[in-house]
Amino acid sequence: MRRPLLAATALAAAVVLATAVVTGCGGDGDDWSQPHPRPSAVGALGAGFVDPAASPAPEATITPRPGSWSGVRPSEGYRVVLLTAGDDRPTKALVAAVRDWADREQVDLRTETVTDPADMVHAADRAIAMKPDLVVSAGNDLIDALATVTPNHLSQQFLVVGAELAEPTHNVTAVDWSGASFRGEGLGMSSTYDPASFTAARCAAAVRAGTAAVLSGWTGIVVWVDDF
(Lines give C-alpha, C1' and ligand atoms only; values in the text may rest on other atoms or scores of the structure.)
Protein backbone atom coordinates (compact mmCIF):
# COMPACT_ATOMS: atom_id res chain seq x y z
CA MET A 1 0.00 0.00 0.00
CA ARG A 2 2.98 2.33 0.47
CA ARG A 3 4.31 2.10 -3.09
CA PRO A 4 1.70 4.41 -4.73
CA LEU A 5 2.30 7.00 -2.02
CA LEU A 6 6.09 6.82 -2.45
CA ALA A 7 5.77 7.04 -6.22
CA ALA A 8 3.51 10.08 -5.95
CA THR A 9 5.91 11.74 -3.53
CA ALA A 10 8.86 11.10 -5.84
CA LEU A 11 6.94 12.46 -8.81
CA ALA A 12 6.00 15.62 -6.91
CA ALA A 13 9.62 16.14 -5.88
CA ALA A 14 10.76 15.74 -9.48
CA VAL A 15 8.24 18.33 -10.65
CA VAL A 16 9.39 20.80 -7.98
CA LEU A 17 13.05 20.26 -8.95
CA ALA A 18 12.33 20.70 -12.64
CA THR A 19 10.40 23.88 -11.93
CA ALA A 20 13.26 25.24 -9.84
CA VAL A 21 15.77 24.53 -12.61
CA VAL A 22 13.63 26.25 -15.23
CA THR A 23 13.05 29.24 -12.99
CA GLY A 24 16.73 29.55 -12.11
CA CYS A 25 17.77 29.53 -15.78
CA GLY A 26 14.97 31.75 -16.97
CA GLY A 27 15.35 35.17 -18.57
CA ASP A 28 15.23 37.18 -15.36
CA GLY A 29 18.26 39.25 -16.41
CA ASP A 30 20.31 38.28 -13.35
CA ASP A 31 23.01 36.17 -15.02
CA TRP A 32 25.54 38.47 -16.64
CA SER A 33 28.03 35.66 -17.23
CA GLN A 34 26.14 34.73 -20.38
CA PRO A 35 26.53 36.70 -23.62
CA HIS A 36 23.62 38.74 -24.88
CA PRO A 37 22.76 40.62 -28.07
CA ARG A 38 24.70 43.82 -28.71
CA PRO A 39 22.62 46.70 -27.31
CA SER A 40 21.12 49.21 -29.67
CA ALA A 41 18.96 52.31 -29.67
CA VAL A 42 15.23 51.76 -30.03
CA GLY A 43 13.88 54.88 -31.69
CA ALA A 44 15.84 57.82 -33.02
CA LEU A 45 17.13 61.16 -31.85
CA GLY A 46 14.94 64.10 -32.77
CA ALA A 47 15.94 67.09 -34.84
CA GLY A 48 18.35 69.39 -33.06
CA PHE A 49 20.21 66.88 -30.95
CA VAL A 50 23.31 67.29 -33.09
CA ASP A 51 24.02 69.31 -36.21
CA PRO A 52 23.94 66.78 -39.07
CA ALA A 53 26.21 69.04 -41.12
CA ALA A 54 28.93 69.22 -38.46
CA SER A 55 29.58 66.17 -36.30
CA PRO A 56 30.93 67.12 -32.85
CA ALA A 57 34.64 66.67 -32.38
CA PRO A 58 35.99 64.51 -29.52
CA GLU A 59 35.56 66.27 -26.16
CA ALA A 60 33.22 68.82 -27.77
CA THR A 61 30.18 70.18 -25.96
CA ILE A 62 26.82 69.98 -27.69
CA THR A 63 23.62 71.73 -26.65
CA PRO A 64 20.75 69.60 -27.94
CA ARG A 65 17.28 70.91 -28.47
CA PRO A 66 15.16 70.19 -25.37
CA GLY A 67 13.39 66.86 -25.66
CA SER A 68 15.28 65.79 -28.79
CA TRP A 69 16.48 62.75 -26.86
CA SER A 70 13.09 61.60 -25.58
CA GLY A 71 12.38 59.16 -28.45
CA VAL A 72 15.37 56.90 -27.69
CA ARG A 73 15.40 53.98 -25.30
CA PRO A 74 17.67 50.94 -24.93
CA SER A 75 17.00 47.57 -26.48
CA GLU A 76 15.88 44.68 -24.31
CA GLY A 77 18.42 43.32 -21.85
CA TYR A 78 20.53 46.49 -21.56
CA ARG A 79 23.02 45.97 -18.73
CA VAL A 80 23.97 48.98 -16.63
CA VAL A 81 26.06 49.41 -13.50
CA LEU A 82 25.31 52.51 -11.43
CA LEU A 83 28.57 53.57 -9.77
CA THR A 84 27.87 56.05 -7.01
CA ALA A 85 29.62 57.75 -4.10
CA GLY A 86 28.41 60.43 -1.69
CA ASP A 87 25.27 61.08 0.33
CA ASP A 88 24.82 64.74 -0.63
CA ARG A 89 21.53 65.91 -2.09
CA PRO A 90 22.74 66.22 -5.73
CA THR A 91 24.13 62.68 -5.72
CA LYS A 92 20.94 61.28 -4.22
CA ALA A 93 18.90 63.06 -6.90
CA LEU A 94 21.08 61.59 -9.66
CA VAL A 95 20.86 58.09 -8.20
CA ALA A 96 17.08 58.33 -8.00
CA ALA A 97 16.93 59.50 -11.62
CA VAL A 98 19.06 56.60 -12.85
CA ARG A 99 16.98 54.07 -10.95
CA ASP A 100 13.72 55.56 -12.18
CA TRP A 101 14.98 55.48 -15.77
CA ALA A 102 16.15 51.89 -15.42
CA ASP A 103 12.82 50.83 -13.96
CA ARG A 104 10.84 52.63 -16.65
CA GLU A 105 12.92 51.20 -19.50
CA GLN A 106 13.27 47.73 -17.92
CA VAL A 107 17.04 48.04 -17.82
CA ASP A 108 19.01 45.34 -16.02
CA LEU A 109 20.59 47.55 -13.34
CA ARG A 110 23.20 46.77 -10.72
CA THR A 111 24.63 49.25 -8.22
CA GLU A 112 28.17 49.67 -6.90
CA THR A 113 28.07 52.06 -3.94
CA VAL A 114 31.36 53.45 -2.62
CA THR A 115 31.61 54.49 1.03
CA ASP A 116 35.39 54.47 1.50
CA PRO A 117 37.31 57.27 -0.27
CA ALA A 118 40.26 54.91 -0.66
CA ASP A 119 38.06 52.46 -2.58
CA MET A 120 37.07 54.69 -5.50
CA VAL A 121 39.41 53.20 -8.10
CA HIS A 122 38.76 49.63 -6.96
CA ALA A 123 35.01 50.23 -7.10
CA ALA A 124 35.32 51.45 -10.69
CA ASP A 125 37.32 48.32 -11.49
CA ARG A 126 34.61 46.17 -9.90
CA ALA A 127 31.95 47.87 -11.99
CA ILE A 128 33.93 47.20 -15.16
CA ALA A 129 34.54 43.59 -14.15
CA MET A 130 30.78 42.98 -14.28
CA LYS A 131 31.04 43.64 -18.04
CA PRO A 132 27.99 45.90 -18.35
CA ASP A 133 26.97 47.67 -21.53
CA LEU A 134 27.29 50.97 -19.68
CA VAL A 135 28.69 52.28 -16.39
CA VAL A 136 26.79 55.33 -15.14
CA SER A 137 28.60 57.50 -12.59
CA ALA A 138 26.77 59.63 -10.03
CA GLY A 139 28.72 61.69 -7.51
CA ASN A 140 31.56 64.21 -7.76
CA ASP A 141 33.77 62.08 -5.52
CA LEU A 142 34.24 59.58 -8.36
CA ILE A 143 35.63 61.96 -10.97
CA ASP A 144 39.33 61.65 -10.15
CA ALA A 145 39.09 57.86 -9.95
CA LEU A 146 37.32 57.72 -13.33
CA ALA A 147 40.00 59.93 -14.86
CA THR A 148 42.50 57.27 -13.81
CA VAL A 149 40.52 54.19 -14.80
CA THR A 150 38.64 55.04 -18.00
CA PRO A 151 41.63 55.45 -20.36
CA ASN A 152 42.65 51.89 -19.53
CA HIS A 153 39.28 50.40 -20.52
CA LEU A 154 38.50 51.94 -23.89
CA SER A 155 36.03 49.19 -24.84
CA GLN A 156 33.83 50.02 -21.84
CA GLN A 157 31.32 52.84 -22.22
CA PHE A 158 30.90 55.30 -19.35
CA LEU A 159 28.31 57.99 -18.71
CA VAL A 160 29.07 60.69 -16.14
CA VAL A 161 25.98 62.60 -15.03
CA GLY A 162 26.17 66.01 -13.36
CA ALA A 163 29.95 66.29 -13.75
CA GLU A 164 32.63 65.65 -16.37
CA LEU A 165 36.21 64.55 -16.86
CA ALA A 166 38.77 67.21 -17.75
CA GLU A 167 40.27 65.09 -20.54
CA PRO A 168 37.80 62.32 -21.44
CA THR A 169 38.60 59.51 -23.83
CA HIS A 170 36.17 58.48 -26.56
CA ASN A 171 34.40 56.03 -24.24
CA VAL A 172 33.39 58.67 -21.68
CA THR A 173 30.28 60.76 -22.27
CA ALA A 174 29.09 63.38 -19.80
CA VAL A 175 25.90 65.32 -19.19
CA ASP A 176 26.25 68.70 -17.54
CA TRP A 177 24.65 72.09 -17.03
CA SER A 178 25.56 75.46 -15.58
CA GLY A 179 24.86 74.45 -11.99
CA ALA A 180 26.97 71.30 -12.23
CA SER A 181 30.19 70.74 -14.27
CA PHE A 182 32.60 69.57 -11.55
CA ARG A 183 35.80 68.40 -13.31
CA GLY A 184 37.98 67.00 -10.55
CA GLU A 185 39.84 68.15 -7.48
CA GLY A 186 42.71 69.60 -9.46
CA LEU A 187 40.37 72.08 -11.14
CA GLY A 188 38.17 72.82 -8.13
CA MET A 189 34.45 73.44 -8.09
CA SER A 190 32.86 75.53 -10.84
CA SER A 191 31.96 79.03 -9.73
CA THR A 192 28.44 78.41 -11.01
CA TYR A 193 27.95 75.18 -9.05
CA ASP A 194 24.47 75.11 -7.53
CA PRO A 195 23.18 72.06 -5.63
CA ALA A 196 19.65 73.36 -6.09
CA SER A 197 19.99 72.86 -9.85
CA PHE A 198 19.91 69.08 -9.34
CA THR A 199 16.13 68.91 -9.51
CA ALA A 200 14.32 65.65 -10.16
CA ALA A 201 13.20 66.89 -13.57
CA ARG A 202 16.67 68.02 -14.66
CA CYS A 203 18.36 64.85 -13.42
CA ALA A 204 15.79 62.74 -15.25
CA ALA A 205 16.38 64.69 -18.46
CA ALA A 206 20.14 64.42 -18.01
CA VAL A 207 20.03 60.64 -17.65
CA ARG A 208 17.80 60.23 -20.66
CA ALA A 209 19.82 62.64 -22.81
CA GLY A 210 23.09 60.96 -21.86
CA THR A 211 21.93 57.41 -22.44
CA ALA A 212 20.33 58.45 -25.73
CA ALA A 213 23.67 59.92 -26.84
CA VAL A 214 25.59 56.75 -25.93
CA LEU A 215 23.02 54.44 -27.52
CA SER A 216 23.08 56.54 -30.70
CA GLY A 217 26.87 56.49 -30.98
CA TRP A 218 27.60 60.06 -29.87
CA THR A 219 30.24 59.32 -27.25
CA GLY A 220 33.28 61.11 -25.87
CA ILE A 221 31.41 64.42 -25.74
CA VAL A 222 29.63 66.61 -23.20
CA VAL A 223 25.86 66.97 -23.54
CA TRP A 224 24.80 70.33 -22.08
CA VAL A 225 21.25 70.50 -20.72
CA ASP A 226 20.69 74.01 -19.39
CA ASP A 227 17.34 73.75 -21.16
CA PHE A 228 15.40 70.50 -20.99
Side-chain angles (χ1 to χ4, degrees), residues 41 43-74 82-84 86 88-102 104-105 134-144 146-147 150 157-228:
L45 293 169
F49 190 85
V50 294
D51 183 354
S55 297
E59 302 182 37
T61 298
I62 66 169
T63 306
R65 181 178 300 169
S68 58
W69 51 79
S70 60
V72 177
R73 60 184 178 85
L82 168 60
L83 178 63
T84 180
D88 53 284
R89 180 184 169 278
T91 299
K92 288 180 178 179
L94 292 171
V95 167
V98 173
R99 288 175 173 163
D100 287 348
W101 166 80
R104 186 179 306 111
E105 301 300 340
L134 180 65
V135 175
V136 180
S137 170
N140 290 342
D141 293 344
L142 289 161
I143 298 304
D144 289 335
L146 290 174
T150 54
Q157 291 295 327
F158 296 85
L159 175 64
V160 180
V161 189
E164 59 186 88
L165 272 58
E167 297 182 3
T169 42
H170 66 79
N171 57 322
V172 182
T173 305
V175 187
D176 240 335
W177 54 91
S178 295
S181 67
F182 178 72
R183 301 177 70 195
E185 295 296 342
L187 297 173
M189 189 67 73
S190 169
S191 61
T192 60
Y193 182 75
D194 180 9
S197 71
F198 288 74
T199 63
R202 188 192 298 277
C203 291
V207 171
R208 184 168 287 278
T211 54
V214 173
L215 287 164
S216 302
W218 298 108
T219 62
I221 59 174
V222 177
V223 182
W224 201 261
V225 289
D226 266 352
D227 298 316
F228 57 95

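Hydrogens, waters and symmetry mates play no part in the numbers below; they use all other heavy atoms, side chains included.
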Practice problem: Measure from the side-chain N and O atoms of T192 to the backbone N and O of G179, and report whether any donor-acceptor pair falls under 3.5 Å. | Solution: no

Quiz item: If you measure from CG on L215 to CD on Q157, what distance do you get to the nearest 0.5 Å?
Solution: 9.5 Å

Quiz item: How far apart are the closest heavy atoms of A212 and L45, and which atoms are they?
Solution: CB-CD2, 3.9 Å

Exercise. Starting at CZ of F182, measure out to CG of L142 and round the result to the nearest 0.5 Å.
Key: 10.5 Å

Quiz item: Can you check side-chain contact (heavy atoms from CB on, under 4.5 Å) on F198 and D88, steps first, answer last?
Solution: CA-CA 11 Å; F198 288 74; D88 53 284; over 6 Å; no

Quiz item: How long is the span from the CZ atom in R99 to the CG atom in L94, to the nearest 0.5 Å?
Solution: 12.0 Å

Quiz item: So, the side chain of T219 versus the backbone of H170: is there a donor-acceptor pair under 3.5 Å, distance only?
Solution: yes

Quiz prompt | CA sep, side-chain torsions, deciding dist, call: V175, V207, side-chain contact (heavy atoms from CB on, under 4.5 Å) | solution = CA-CA 8 Å; V175 187; V207 171; over 6 Å; no

Quiz item: What heavy-atom pair brings A138 and V95 nearest, and what distance separates the two atoms?
Solution: CB-CG2, 4.1 Å

Quiz item: Which atom names give the shortest non-hydrogen contact between A163 and A174, and what distance separates them?
Solution: O-CB, 3.5 Å

Quiz item: Can you tell me how far OG1 of T61 sits from CD1 of I221, rounded to the nearest 0.5 angstrom?
Solution: 8.5 Å

Quiz item: Could you state the interatomic distance from CG (L134) to CG (N171), rounded to the nearest 0.5 Å?
Solution: 10.5 Å

Practice problem: Give the minimum heavy-atom separation between D176 and S181, together with the two atoms involved. | Solution: OD1-N, 2.6 Å

Self-check item: side-chain contact (heavy atoms from CB on, under 4.5 Å) partners of P64, counting only residues at least two apart
Solution: F49, I62, S68, W69, V223

Self-check item: A201: partners by side-chain contact (heavy atoms from CB on, under 4.5 Å), with sequence neighbours left out
Solution: T199, F228

Quiz item: Checking R202 side chain against V225 main chain: does a donor-acceptor pair fall under 3.5 Å?
Solution: yes

Self-check item: Heavy atoms from other residues, nucleotides or ligands near CZ of R65 exceed 12 (cutoff 6.0 Å)
Solution: no

Self-check item: By side-chain contact (heavy atoms from CB on, under 4.5 Å) - contacts of S55 (at least two apart)
Solution: W218

Self-check item: Results of side-chain contact (heavy atoms from CB on, under 4.5 Å) for E105 - residues two or more places apart only
Solution: R73, P74, W101, V107, R208

Self-check item: Any residue meeting side chain to side chain donor-acceptor pair (under 3.5 Å) with D226, in chain and number order, not counting sequence neighbours
Solution: S178, W224

Practice problem: Output, in order, the C-alpha distance, side-chain angles, deciding distance and verdict of side-chain contact (heavy atoms from CB on, under 4.5 Å) for L146 and L83. | Solution: CA-CA 10 Å; L146 290 174; L83 178 63; 4.1 Å; yes

Quiz item: Quick one: OG1 on T91 to CG on N140, what's the gap to the nearest 0.5 Å?
Solution: 6.0 Å

Practice problem: Applying side chain to side chain donor-acceptor pair (under 3.5 Å), name anything that partners S197, two or more places apart in sequence or on another chain. | Solution: W177

Practice problem: For residues G184 and D144, report the shortest heavy-atom separation together with the two atoms involved. | Solution: CA-OD1, 3.4 Å

